[in-house]
There are 2 protein chains.
Amino acid sequence: MSELHQLTELQIAVMRVLWDKGEATVAEIWEALRPERGLAQTTVATLLSRLEKRGVVAHKSRARQYLYRATVTESDVRRVMVRDLTERLFDGDVAALMSHLLTGREVTPGDLARVKKLVEAKESGKEVGRAEK
Amino acid sequence: MSELHQLTELQIAVMRVLWDKGEATVAEIWEALRPERGLAQTTVATLLSRLEKRGVVAHKSRARQYLYRATVTESDVRRVMVRDLTERLFDGDVAALMSHLLTGREVTPGDLARVKKLVEAKESGKEVGRAEK
DNA sequence: CAAGAACTACTACACATGTAATACTACGGT
DNA sequence: ACCGTAGTATTACATGTGTAGTAGTTCTTG
């Protein structure tokens with residue numbers, strides 16, 4: 001569980017479509033990405049082909065189309081990539097990363113309330129929080 | 001502040017040496033990286049040369065040696081890369097990232113206490129926390 | 001039927017990164 | 001002076017990623 005879960009920005013964007021839809025064709029992914037990127041459809045196709053070669057996605061044929069699905073979960077990708085970033089930039093110290101986040105400017109009072117609740121839940125050993133995909 | 005702050009694992013490792021020492025020669029960086037990697041010195045030199053071309057580091061000559069220093073701060077690199085990761089994998093939602101961190105297994109009671117304190121300090125508008133580099 | 005659209009397969013280019021050898025020069029030690 | 005070491009400059013290769021055109025085939029529409 002290493003190379004399969006380290007993805008670039010564009011790769012994540014593609015996986016996002018697959019995670020959200022469950023499965024999709026090249027055209028559907030292309031359509032979904034189009035508003036924010038003007039990629040050629042063949043660019044998307046190539047990317048998927050390579051991701052499949054790597055084992056990150058898989059396809060089944062439906063008529064003339066390939067129906068792609070993710071073989072790695074969003075949850076696992078998140079886990080690995082956050083862990084890697086923490087390792088590289090925070091010496092593996094999760095608390096340091098959180099401290100960093102809390103000293104940033106994008107944290108709202110609502111965010112703080114949410115985090116506080118999660119901390120308390122974690123402290124008490126209760127299982128509270130967002131469902132993991 | 002975009003391309004200058006997006007660094008790969010090896011690049012970060014090199015920058016780590018510069019951030020910690022303030023400035024260093026190729027040989028010093030090579031020496032520092034050697035225990036965990038068996039890179040050729042020329043590999044390190046090339047990497048630095050490229051990073052300099054990009055503007056991430058700069059050098060001054062001292063005798064026959066180049067003395068390199070970072071032109072980007074660890075703090076800014078952290079900021080940008082954490083932001084990018086949050087953007088890509090958590091739809092920009094910092095609280096979601098923190099939630100993710102809190103539901104991981106590597107969070108210790110000490111970590112939780114620390115975070116809780118930080119949250120409270122942030123809520124009260126007080127400036128508490130780790131000094132930023 | 002013919003033309004166009006849809007779709008995959010194949011190919012190619014540019015760039016970045018990791019890796020490292022070679023060439024060249026300067027310095028230090030014998 | 002000579003040789004070995006140190007350090008930079010240059011060069012090169014492999015791999016991965018982003019990007020996209022072309023070729024070939026199949027299906028749809030007029």
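Throughout, a chain's letter reflects where its sequence line sits, starting with A, and its residues are numbered from 1.
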Rounded to the Å, how far apart are Glu28(A) CD and dA6(C) P? 14 Å
Could you identify which residues of residues 42-57 of chain A place a heavy atom less than 4.0 Å from some atom of DNA chain D, listed by residue number, or say none? Thr42(A), Thr43(A), Thr46(A), Leu47(A), Arg50(A), Arg54(A)
Contact check, side chains of Asp111(B) and Met98(A), non-hydrogen atoms, under 4.5 Å: no
Using a strict threshold of under 4.0 Å (side-chain N to carboxylate O), is an ion pair present between Arg114(B) and Asp93(A)? yes
Closest of dC7(C), dT8(C), dT17(C) to the Thr8(B) side chain is dT17(C)
Please report the distance, rounded to the nearest Å, between NE2 in His59(A) and C1' in dC7(C). 12 Å
Send over the distance from Gln41(A) CD to dA5(C) C1', rounded to a whole Å. 11 Å
Where does the angle between the aromatic ring planes of Phe90(A) and His100(A) fall among parallel (under 30°), tilted (30 to 60°) and perpendicular (over 60°)? perpendicular
In whole Å, what is the span from the CD atom of Glu9(B) to the P atom of dT19(C)? 9 Å
May I ask you to say what Gln11(B) touches in the nucleic acid, namely base, sugar-phosphate or nothing, with a heavy-atom cut-off under 4.0 Å? sugar-phosphate
Arg64(B) side, atom CZ; Thr25(B) side, atom OG1 - distance, nearest 0.5 Å: 12.0 Å
At a heavy-atom distance below 4.0 Å, which nucleotide of DNA chain D is the first touched by chain A, and which is the last? dT17(D) to dC27(D)
Using whole Å, report how far CG of Leu10(B) lies from P of dG18(C). 5 Å
Do Met15(A) and Leu67(A) share a hydrophobic cluster (ILVMFWY, side-chain heavy atoms under 4.5 Å, transitive)? no
Could you go through Arg37(A) and Leu10(A), starting from their C-alpha distance and side-chain angles, then the distance that decides it, and tell me whether this counts as side chain to side chain contact (heavy atoms under 4.5 Å, CB included)? CA-CA 10 Å; Arg37(A) 309 166 195 264; Leu10(A) 183 55; 3.5 Å; yes
Arg64(B) side chain, from C-beta outward: closest of dC27(C), dC7(C), dA20(C): dC27(C)
Search all heavy atoms of Ala32(A) against all heavy atoms of Val17(A) and return the closest pair with its distance. CB-CG2, 3.8 Å
Between the side chain of Thr71(A) and the main-chain N/O of Val56(A), is any donor-acceptor distance below 3.5 Å? yes
Report the distance from atom CG of Leu7(B) to atom P of dT17(C), rounded to the nearest whole Å. 9 Å
Does the side chain of Lys60(B) come within less than 4.5 Å of Glu23(B)'s, by heavy atoms? yes
Expressed in angstrom and rounded to an integer, what is the separation of Arg34(B) atom CZ from dT19(C) atom P? 16 Å
To the nearest Å, give me how far apart CD (Glu31(A)) and P (dA6(C)) are. 11 Å
